[in-house]
Amino acid sequence: MPTNTSVVTGFILVGFSRLTSLQGLLFSFFLTVYLLTVAGNLLIVVLVSADAALRTPMYFFLRNLSTLEIGYTSVTVPLLLHHLLTGQRRIPRSGCALQMFFFLLFGATECCLLAAMAYDRYAAICQPLHYPLLLSQRTCLCLAGSAWACGALVDLDHTSFVFSLPFCGPKAIPHFLCEIQAVLQLVCGNTSLNELQIILAAALLILCPFGLNLGSYGRILATIFRIPSAAGRLKAFSTCSSHLVVVSLFYGTAIFIYIRPKASYDPASDPLVSLFYAVVTPILNPIIYSLRNADVKAALKRTIKKMGPVEM
């Protein structure tokens, strides 16, 4: 088997090329989803930054999450739109490495940040008297900074390791992005060490935060059930359950993709599963976490009033 990698200067992202009759429809769908995702998350970033009433730990984390979602979807969808519109699916090797780096950075950081957000909600609901002490400004900065640092360290290691390996054979990546499991399919030789690294990193950055989320929301639900008002219980349960659904969707699909060996990769179904955490959750997060929130709606109204016409 040849192992000369000098000729591998780029790859072909297969994506949805087999759905030739649906290219226009897919382009319209992904463009609409992308614009709504960026607009919704950018609105959250602007509101939290501009409105003093939203300068609390919860909205600090939500602003970080919205920033992540804008980057997360911008790493993948614009290139996918270009491929759907032009039919040109080639991506340079350096571009593929860059996309993998940022995709893993935003994804791994979000895994850790969601755990910090769950802890914030736990402290606010279950430990309200100690909340200012538990979630001080310094603590929030440390939690957010640690999430970004963990994401950067892990994904830099994975990306540099994968692209130091020899590529041979076909250049077609069976995916719509340079996802690490899909790229590993094109590597020559033994990739068992990479697979072990991916599984261990996934266990650390996906399973552990997911467990913290489940534990936090479990305590929160136990506290909610002790609320004497039925209306209060219903409102709190509705909010927490919607949060938990989005969190489970994100972590569940990520677990399915990353915590398994390369041999189990399915080029037909895996890209579809990746759509959930790469495209679907970024548009759901601003709706579930913020735009249904009364504080955010009030901040939006105040901002609109400030932007209104000035009377001369």
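One is the number of the first residue; the rest follow in order along the sequence.
In this structure Cys178 satisfies the disulfide bond (SG atoms under 2.5 Å apart) test together with Cys96, sequence neighbours excluded. Remark: Pro92 pairs with Arg90, Ser94 by the side-chain contact (heavy atoms from CB on, under 4.5 Å) rule, at least two apart or across chains. Under the rule for a ring pair (Phe, Tyr, Trp, His ring centres under 6.0 Å), the partners of Phe210 that lie at least two apart in sequence or sit in another chain are Tyr251.
Residue Gln127 places its CD atom among more than 12 non-hydrogen atoms of other residues, nucleotides or ligands, all under 6.0 Å distant.
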Output side-chain donor-acceptor pairs under 3.5 Å for residues 139-152, partner residues at least two apart or in another chain, one line each.
{"unit_1": "Thr139", "atom_1": "OG1", "unit_2": "Ser136", "atom_2": "OG", "d": "2.9"}
{"unit_1": "Ser146", "atom_1": "OG", "unit_2": "Cys142", "atom_2": "O", "d": "2.7"}
{"unit_1": "Trp148", "atom_1": "NE1", "unit_2": "Asn64", "atom_2": "OD1", "d": "3.3"}

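In terms of modelled atom types and a separation under 3.5 Å, the side chain of Asn213 and the main chain of Pro209 share a donor-acceptor contact. No donor-acceptor distance shorter than 3.5 angstrom exists from the side chain of Thr159 to the backbone of Leu156, with no hydrogens or angles considered. A donor-acceptor pair under 3.5 Å links the side-chain atoms of Thr253 to the main chain of Leu249, judged by distance alone. No donor-acceptor distance shorter than 3.5 angstrom exists from the side chain of Thr73 to the backbone of Ile70, with no hydrogens or angles considered.
Applying the side-chain hydrogen bond (donor to acceptor under 3.5 Å, both in side chains) test to residues at least two apart or on different chains, the pairs with a partner in residues 20-46 are Gln23-Arg89, Tyr34-Ser74, Asn41-Ser66. The side-chain hydrogen bond (donor to acceptor under 3.5 Å, both in side chains) pairs that include a residue from residues 173-187 are His175-Ser274, Glu179-Tyr258, where partners are two or more places apart or lie in different chains.
Between Leu184 and Ile198 there is a side-chain heavy-atom pair separated by less than 4.5 Å.
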### Query
Can you check ring pair (Phe, Tyr, Trp, His ring centres under 6.0 Å) on Phe16 and Phe30, steps first, answer last?
CA-CA 12 Å; Phe16 303 100; Phe30 285 117; 5.8 Å; yes
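A donor atom on one side chain and an acceptor atom on the other are not found under 3.5 Å apart for Arg121 and Ser216.
With rounding to the nearest 0.5 angstrom, the CG atom of Leu85 is 4.5 Å from the CZ atom of Phe27. Between Leu79 atom CG and Leu177 atom CG the span is 9.0 Å, to the nearest 0.5 Å. Atom CG of Leu47 is separated from atom CZ of Arg302 by 9.5 Å, given to the nearest 0.5 angstrom.
Aromatic ring centres of Phe276 and Phe256 lie farther apart than the 6.0 Å criterion allows.
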